[in-house]
Amino acid sequence: MSIAVIAPGRDRSKWIAYFERADPSINVEIWPDIQEPEKVQCALVWKHPIGELLKYPNLKFIACMGAGVDHIIQDPKLPKGVPITKVVDDQLSKDMSIYVIQGILNNQRRFVDHLHARERGEWLNSHRYPEKMNIGILGLGVLGQDVASKLVTLGFDAFGFSQTKKEVIGVSCFWGKDQMAEFLNSINVLVCMLPLVDQTRGFLNKDLFARLNKGTYLINVARGEHLVDEDLIAAIDEGQISGALLDVFHEEPLPKDHPFWSREEIMITPHNASVTDPKSVARQIVDNYHRIETAEPFKFVIDREKGY
Ligand code: OXD
């Protein structure tokens, strides 16, 4: 029996090393050189080729290499009934929270302006920050909740929005369509941490921007497909959005001729807000793998219907 690592273009050597460390008896196969597909019980995947997972007749679970499972769910040829697990990891949450918080602080304290001012040899007198920063976390999953809680610890006013009712200590939580307007009215920084499903694709669009307070700052650490790129440019031109920090894009790497590159108001990072660390995560996959023998329920299974 084996675990197959199916992650085109990703460095797989660390996974092999940490699986070996977690349990040396486990047989690990690496796509595309899978010798015995009938022995594969777990497929650890990141952007696998469409239909690939149908080749493993004894697959017991599909383990996503990251937190967002959209790249799995989007495969119309997924084996039916096979559970899909996602990564839930303290290190992943911590890295994400630090990224989002640095984005907020960067904006609040105008570090980029100071960097540019320094290049010009200019002493930029900016003691004034936006009077109040109310941070709205759109999507209160594991990562969203962690960011919101850490913001509260830092003394920010944190607001959260989720599809279903959630409670996070110290966070003003809103849920469901009816409470969206109040959420959007309360904030001047919007952090998108939504899962990517049909209902959330293109959610960050001109209609949503128009409902925000003028000058709201946007951070997107979820997926590029949440954002309508041209709507963001237009909203910045109109002053409706003051700027953005984007870690995810429709196409990655972001094409060289994309208009985002030439906009000073938009900060770009290369989808590195929070990257799964095999050292930290291999053990939870091995733990789930052992659950096949003991017939215990897998941990961190997503709802295939919902898509997250
Ligand atoms: C993830 C990612 O979903 O890295 O984990 O985007």
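Just so you know, ligand 1 is whichever comes first in the structure, and atom 1 is the first atom listed for that ligand.
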Ignoring hydrogens and angles, state whether a donor on the side chain of N288 or Q284 is under 3.5 Å from an acceptor on the partner side chain.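 No.
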Main-chain N/O of H250 paired to E225 side chain as donor or acceptor, under 3.5 Å: no
Any donor-acceptor pair under 3.5 Å from N213 side chain to N188 backbone: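 Absent.
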Considering non-hydrogen atoms of the protein only, which is the closest contact for atom 1 (C) of ligand 1, and what is the distance?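 So the nearest neighbour among protein heavy atoms is A67 N, 3.4 Å.
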Thinking salt bridges, do K94 and D146 make one under a 4.0 Å N-O criterion?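 A salt bridge is absent here (no side-chain N lies under 4.0 Å from a carboxylate O).
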Checking the N or O distance criterion of under 3.5 Å, is ligand 1 in contact with G66?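 No: no nitrogen or oxygen of G66 is under 3.5 Å from one in ligand 1.
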[X]: heavy atom below 4.0 Å from ligand 1, yes or no?
{"X": "S274", "result": "yes"}
{"X": "H271", "result": "yes"}
{"X": "R223", "result": "yes"}

Aromatic rings F159 and F174: how do their planes relate, parallel, tilted or perpendicular, breaks at 30° and 60°?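 Rings of F159 and F174: parallel, under 30°.
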